[in-house]
Amino acid sequence: MNASARLEQLGVTLPDLVAPLASYVPAVRTGNLVYTSGQLPIVAGKVAGTGKVGTDVNPDDAKAMARLCALNALAAVNSLVGIDAVVRVVKVVGFVASAPGFNGQPGVVNGASELLGEVFGDQGAHARSAVGVSELPLDAPVEVELIVEVG
């Protein structure tokens, strides 16, 4: 089953491509790899939530926002090569705006990882980094970027 069919089966619609916030493009292809720019949890042009995870944002809400980030990253891939060109998710990098003492970044970034597993099955298994940071653009709690292999 291809990714489009799997998304439909899951009842998930890829969002519209999020316009870049500065001087970059949403995704770039080199050879058989597509790298996305970091994607924020933007829905209908607005950040889904703001603040630091561990004080302003609870980890479960941040995990849901990481899923939104991954959907936005998939939209960037789709705009460049088409979602069904993806043959494997190679790497996920998640950044979590973390309150002092918050160390649950892996659980937050699982929101992105779990979505990719749902969409791509075994080909969605990937290498990953989950990094705590002090600030993200627009005061977003989470940002996710992808590297995918395409056919």
Side-chain angles (χ1 to χ4, degrees), residues 1-49 53 57 59-98 102-138 140-151:
M1 179 181 305
N2 65 25
S4 294
R6 188 69 183 131
L7 285 165
E8 186 175 332
Q9 185 180 52
L10 293 167
V12 175
T13 302
L14 284 181
D16 291 333
L17 181 65
V18 175
L21 301 175
S23 296
Y24 60 89
V25 295
V28 173
R29 179 179 182 167
T30 182
N32 65 342
L33 296 176
V34 173
Y35 292 74
T36 71
S37 295
Q39 299 292 315
L40 301 177
I42 293 178
V43 177
K46 302 211 184 295
V47 178
V53 181
V57 179
D60 289 336
D61 290 342
K63 181 179 178 181
M65 286 186 245
R67 182 181 177 94
L68 292 172
C69 293
L71 282 170
N72 287 335
L74 290 178
V77 171
N78 189 55
S79 73
L80 186 64
V81 298
I83 194 71
D84 292 327
V86 176
V87 297
R88 162 158 211 91
V89 179
V90 177
K91 178 131 189 209
V92 172
V93 180
F95 302 96
V96 180
S98 302
F102 178 76
N103 59 8
Q105 294 83 5
V108 170
V109 180
N110 278 348
S113 294
E114 291 168 5
L115 171 75
L116 297 167
E118 291 170 17
V119 174
F120 298 106
D122 290 343
Q123 284 65 45
H126 52 268
R128 188 178 89 174
S129 298
V131 182
V133 298
S134 63
E135 297 284 337
L136 287 169
L138 304 180
V142 63
E143 179 175 340
V144 172
E145 61 184 55
L146 303 179
I147 303 169
V148 297
E149 180 184 354
V150 296

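Positions are given from 1 along the sequence.
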A.B. asks: Measure from the side-chain N and O atoms of R128 to the backbone N and O of A130, and report whether any donor-acceptor pair falls under 3.5 Å.
C.D. replies: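 No, R128 side chain to A130 backbone: no donor-acceptor pair under 3.5 Å.
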
A.B. asks: Just wondering, are more than 12 heavy atoms of other shown residues or ligands nearer than 6.0 Å to CG in D84?
C.D. replies: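 Yes - once you tally the heavy atoms of other residues, nucleotides and ligands closer than 6.0 Å, there are more than 12.
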
A.B. asks: Of all heavy-atom pairs between G94 and V109, which one has the smallest distance, and what is that distance?
C.D. replies: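 In terms of heavy atoms, the two residues are closest at CA-CG2, 3.9 Å.
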
A.B. asks: Identify all side-chain donor-acceptor contacts of residues 37-46 below 3.5 Å with residues at least two apart in sequence or on another chain.
C.D. replies:
| from | atom 1 | to | atom 2 | distance (Å) |
| --- | --- | --- | --- | --- |
| S37 | OG | V25 | O | 2.5 |
| Q39 | NE2 | S37 | O | 3.3 |

A.B. asks: For the residue pair A66 and V142, what are the closest heavy atoms and their distance?
C.D. replies: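 The pair with the smallest heavy-atom distance is N-CG1, 3.7 Å.
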
A.B. asks: Distance from L146 atom CG to L116 atom CG, nearest 0.5 Å?
C.D. replies: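 Spacing of CG (L146) from CG (L116) equals 5.5 Å.
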
A.B. asks: Apply side-chain contact (heavy atoms from CB on, under 4.5 Å) to the pair Q105 and N103, showing each step before the final yes or no.
C.D. replies: CA-CA 6 Å; Q105 294 83 5; N103 59 8; 4.2 Å; yes

A.B. asks: Before accepting this row, confirm whether a basic side-chain N of the pair R67/E118 lies closer than 4.0 Å to the acidic partner's carboxylate O.
C.D. replies: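 Yes.
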
A.B. asks: How long is the straight-line distance from CD of E145 back to CZ of F95, given to the nearest 0.5 Å?
C.D. replies: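 With rounding to 0.5 Å, CZ (F95) is 5.0 Å from CD (E145).
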
A.B. asks: Kindly give the heavy-atom pair with the smallest separation between V119 and A3, and that separation in Å.
C.D. replies: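 What the structure gives for the nearest pair is CG1-CB, 4.0 Å.
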
A.B. asks: Kindly say whether S113 contributes a backbone atom to a donor-acceptor pair with the side chain of N110 at under 3.5 angstrom?
C.D. replies: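 No, because the side chain of N110 does not come within donor-acceptor range (under 3.5 Å) of the backbone of S113.
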
A.B. asks: Run the side-chain contact (heavy atoms from CB on, under 4.5 Å) check on T36 and V77 step by step: do they pass?
C.D. replies: CA-CA 7 Å; T36 71; V77 171; 3.6 Å; yes

A.B. asks: If every non-hydrogen atom of V93 is compared with every non-hydrogen atom of K91, which pair is closest and at what distance?
C.D. replies: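 Smallest interatomic distance, heavy atoms only, reads CG2-CE, 4.0 Å.
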
A.B. asks: On a heavy-atom basis, which atom in I83 and which in S4 lie closest, and how many Å separate them?
C.D. replies: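 That would be CG2-OG, 3.3 Å.
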
A.B. asks: Is there a donor-acceptor contact under 3.5 Å from the side chain of R29 to the main chain of Y35?
C.D. replies: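 Answer holds: no.
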
A.B. asks: Between S98 (side chain) and V96 (backbone), is there a donor-acceptor pair under 3.5 Å?
C.D. replies: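 Yes; at least one donor-acceptor contact below 3.5 Å.
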
A.B. asks: Applying salt bridge (charged side-chain N to carboxylate O under 4.0 Å, His left out), name anything that partners E114, two or more places apart in sequence or on another chain.
C.D. replies: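 Salt bridge (charged side-chain N to carboxylate O under 4.0 Å, His left out) list for E114, sorted by chain: K63.
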
A.B. asks: Might you point out which heavy atoms bring V57 and P141 nearest each other, and give the distance in Å?
C.D. replies: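 Scanning both residues completely, I find the closest heavy atoms to be CG2-CG, 3.9 Å.
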
A.B. asks: Quick one: CG on L17 to CG on N72, what's the gap to the nearest 0.5 Å?
C.D. replies: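 If we round to the nearest 0.5 Å, L17:CG and N72:CG are 8.5 Å apart.
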
A.B. asks: Side chains of L71 and V12: closer than 4.5 Å at any heavy-atom pair?
C.D. replies: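 Yes; the side chains approach each other to less than 4.5 Å.
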
A.B. asks: Do you know which of V81, V86, L33 makes side chain to side chain contact (heavy atoms under 4.5 Å, CB included) with V148?
C.D. replies: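 The residue from V81, V86, L33 that satisfies side chain to side chain contact (heavy atoms under 4.5 Å, CB included) with V148 turns out to be V86.
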
A.B. asks: Could you measure the distance from the CG atom of L74 to the CZ atom of F120? Nearest 0.5 Å is fine.
C.D. replies: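 L74 atom CG to F120 atom CZ measures 5.0 Å (nearest 0.5 Å).
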
A.B. asks: Below 4.5 Å, heavy atoms only, C-beta onward: do V150 and V87 meet side chain to side chain?
C.D. replies: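 No, side chains not in contact.
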
A.B. asks: Roughly how far, to the nearest 0.5 Å, is the CE atom of M1 from the CG atom of L7?
C.D. replies: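 Going from the CG atom of L7 to the CE atom of M1 covers 11.0 Å.
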
A.B. asks: Mind checking the CZ-CD spacing from R88 to Q123? Nearest 0.5 Å is all I need.
C.D. replies: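 Taking CZ in R88 and CD in Q123, the distance rounds to 6.5 Å.
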
A.B. asks: Do L10 and E8 come close enough that some side-chain heavy atom pair is under 4.5 Å?
C.D. replies: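 Of all side-chain heavy-atom pairs linking E8 with L10, none is under 4.5 Å.
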
A.B. asks: Would the distance check show the side chain of N32 and the main-chain N or O of G151 forming a donor-acceptor pair, the cut-off being under 3.5 Å?
C.D. replies: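 No.
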
